[in-house]
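One structure below.
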Amino acid sequence: MLICGGQSTVAQNRLGIENENATSIGIYIKDLKTGRVIADRNSSLALMPASVMKVVTTASALHFLGEHFRFTTDVSLVGNRNKTDNRIWEGNLVVKSVGDPTIESENFKRNLGFCDSIVSNIRRLGVKEINGRIIVEQTMSNAGQIPEWQISDVACGYGAGLYGFNFMDNTLTVTPATGNVKPYAPGLEIERVTTTAGNQLLRGINSNQLFIFARSFANKKWVVSTTMPDPSAVFTDRLIDRMNENGVSLTDRTAKTDERTVWELVYSHKSPASKDIFKSLMIRSDNLFAEGMLRATLPDDSRYLAIKKEKELWTERGLSTKTVVISDGSGLARTNRLSPKFIAGVLEYMAKNDKSDTFVSFFPKAGKDGTMKGFLAKTHLQGKIAMKTGSVNGVQCYAGYKLGANGKPTHVVVIMVNNFFCSRQSLRKAIEAMLTKTFRQ
């Protein structure tokens, strides 16, 4: 089955791409049954992983959270009923947020209806008026877009930050010609700039100012997707609309409470199970979900401590983290550095523990799923290679498994290419050629 007969050599591991000698390439392929390394090129070199970082995030979060973990967001009326009219609530509506990245996500359509569920339960409790405000409690530190992300990414939909409260994938659409924003985002300021260059969106990290650059703003059909500066404000505005539509009024003024203050649960929202979130984030390469699952491993502390906990996990399992640099959970930060051997170590550990089947199921399969749909399609490896991809400017990475006839992993496969000078298409074809040679029929 394998082309490699003896010790792996650099010549065997060459991709044959243009300017290969000037390109940073790391390759590591290992037979899980025999322990033999059949391809090794610069496997200890610390490289930018891009979205392959999600492999480590998912493995770590699966270890700490398990596959059945769910985020729980409680919504309560806090205060007490009016002494003369129990349909009036004297107090606030409080949302205790827990960093759930899936609330009203288009990727979990069966879980839509957060605002409607709140309103229907307020009505069920017989409350027609809330003499107070909507308060979204957010305790997450280091929330929002990550300082290590590039400014060119944060205005794009894939650059949505993780907040204590998240809503509708933390993205919205803008019609530049009219300034129309859906959903309405209180506080968002839009600046339109006419330029001779191409169309571009620009927003500072966690800024409420969005700059739209274009040659012309005449096209009313042109719609752009961008990120929310404050998801809780978007949610609050939408919830007030839903309440008004359903006969529940809100005075939106400071509530007076006394010794009779009580917490009356209105609605407890459960996210999809963690295994479903993991699969979605791996197959679609969802950055927001990845950041959410990283932070869920240490919900009451900072991102830095969650990353420290993650690195300690793999150190305890015998992997060296001395040259591992992790800035986020998604891989969007260009400061991340992982080696092929480290990633392979994570993959091997996960392939051999009791969560193996679950973990392997998260990976998109060659020629079939997500970011791997066009890779190795119509070859003998279609459906037999399961890998996470990662790509940003000058970076193309793959990490995952070769699967046997029974769908179980037989090899760990990591290929990382940084600073390439050929076209991305020719690089992908070279990697496909290498894999089809390495794993013959």
Side-chain angles (χ1 to χ4, degrees), residues 48 50-51 53-54 101-107 142-163 165-238 280-281 284-292 327-336 370-371 389-396 424:
M48 192 188 306
S51 282
M53 177 60 75
K54 294 181 177 74
T102 71
I103 294 177
E104 290 297 277
S105 171
E106 280 298 310
N107 301 298
N142 308 124
Q145 294 167 314
I146 295 172
E148 288 83 358
W149 288 356
Q150 287 193 350
I151 195 72
S152 57
D153 291 328
V154 298
C156 302
Y158 62 82
L162 177 81
Y163 296 85
F165 181 85
N166 307 283
F167 192 63
M168 299 178 71
D169 300 305
N170 294 353
T171 59
L172 46 81
T173 61
V174 178
T175 304
T178 62
N180 186 41
V181 179
K182 292 184 179 180
Y184 174 66
L188 177 65
E189 300 175 8
I190 299 174
E191 296 288 340
R192 300 187 303 176
V193 182
T194 304
T195 176
T196 56
N199 298 341
Q200 184 182 6
L201 300 179
L202 188 65
R203 183 162 81 84
I205 291 174
N206 298 318
S207 169
N208 65 345
Q209 286 187 304
L210 173 68
F211 291 86
I212 305 176
F213 297 84
R215 295 186 183 92
S216 170
F217 292 93
N219 184 2
K220 293 184 179 181
K221 293 184 179 180
W222 178 36
V223 177
V224 297
S225 176
T226 189
T227 49
M228 291 180 185
D230 186 355
S232 67
V234 176
F235 156 73
T236 300
D237 181 76
R238 174 161 287 206
S280 180
L281 82 84
R284 296 184 307 101
S285 203
D286 191 295
N287 294 328
L288 177 63
F289 285 7
E291 301 303 336
S327 298
D328 62 11
S330 62
L332 193 57
R334 307 305 200 269
T335 48
N336 292 314
T371 56
T389 64
S391 61
V392 293
N393 289 341
V395 175
Q396 186 69 50
R424 193 176 298 275

Locate the shortest heavy-atom distance separating [X] from [Y]; write the atom from each residue and the value.
X    : Y    : value
P183 : L172 : CD-CB, 3.8 Å
A290 : G329 : CB-O, 3.7 Å
A50  : G390 : CB-C, 3.6 Å
M53  : G331 : CB-CA, 3.6 Å
N180 : K182 : ND2-CE, 3.4 Å

For a 4.5 angstrom cut-off between non-hydrogen side-chain atoms, does [X] reach [Y]?
X    : Y    : result
D230 : N208 : no
R215 : T194 : no
C156 : T227 : no

Pairs involving residues 192-238, ordered by first then second residue, that meet ring-ring contact (aromatic ring centres under 6.0 Å, His included) (sequence neighbours left out):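 The answer is F114-F235, F165-F235, F167-F235.
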Partners passing side-chain contact (heavy atoms from CB on, under 4.5 Å) against T389 (at least two apart in sequence or in another chain):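 So T389 forms a side-chain contact (heavy atoms from CB on, under 4.5 Å) with T371, M372, Y398.
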With rounding to the nearest 0.5 angstrom, report the [atom1] to [atom2] distance, [X] to [Y].
X    : Y    : atom1 : atom2 : answer
T226 : I212 : OG1   : CD1   : 7.5 Å
E291 : L281 : CD    : CG    : 10.0 Å
M168 : R238 : CE    : CZ    : 4.5 Å
N336 : S330 : CG    : OG    : 7.5 Å

Please list, chain by chain and in numerical order, all residues satisfying side-chain hydrogen bond (donor to acceptor under 3.5 Å, both in side chains) with S285, sequence neighbours excluded.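 side-chain hydrogen bond (donor to acceptor under 3.5 Å, both in side chains) list for S285, sorted by chain: S51, K54, K388.
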Report the residues that fulfil side-chain hydrogen bond (donor to acceptor under 3.5 Å, both in side chains) with T335, sequence neighbours left out, ordered by chain and then residue number.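 Partners of T335 by the side-chain hydrogen bond (donor to acceptor under 3.5 Å, both in side chains) criterion, ordered by chain and then number, come out as S327.
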With sequence neighbours left out, what residues match R424 under salt bridge (Lys or Arg N to Asp or Glu O under 4.0 Å)?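 Salt bridge (Lys or Arg N to Asp or Glu O under 4.0 Å) list for R424, sorted by chain: empty.
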Using side chain to side chain donor-acceptor pair (under 3.5 Å), reason through N107 and R284 one step at a time and then give a plain yes or no. CA-CA 10 Å; N107 301 298; R284 296 184 307 101; 3.3 Å; yes
If you look only at distance, which donor and acceptor atoms sit under 3.5 Å apart when one is on a side chain in residues 185-192 and the other is two or more places apart or in another chain?
from	atom 1	to	atom 2	distance (Å)
E189	OE1	Q209	NE2	3.4
R192	NH1	P176	O	2.8
R192	NH1	A177	O	3.0

Report all side-chain donor-acceptor pairs from residues 144-155 shorter than 3.5 Å, counting only partners two or more places apart or in another chain.
from	atom 1	to	atom 2	distance (Å)
Q145	OE1	R203	NH2	3.4
Q145	OE1	N206	N	2.9
Q145	NE2	V154	O	2.7
Q145	NE2	G159	O	2.9
W149	NE1	D328	OD2	2.9
D153	OD1	Y158	OH	2.6
D153	OD2	R334	NH1	2.8
D153	OD2	R334	NH2	3.4

Scan residues 167-176 for pairs that pass side-chain hydrogen bond (donor to acceptor under 3.5 Å, both in side chains), counting only residues two or more places apart or in two chains.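 For residues 167-176: S105-D169, N166-N170.
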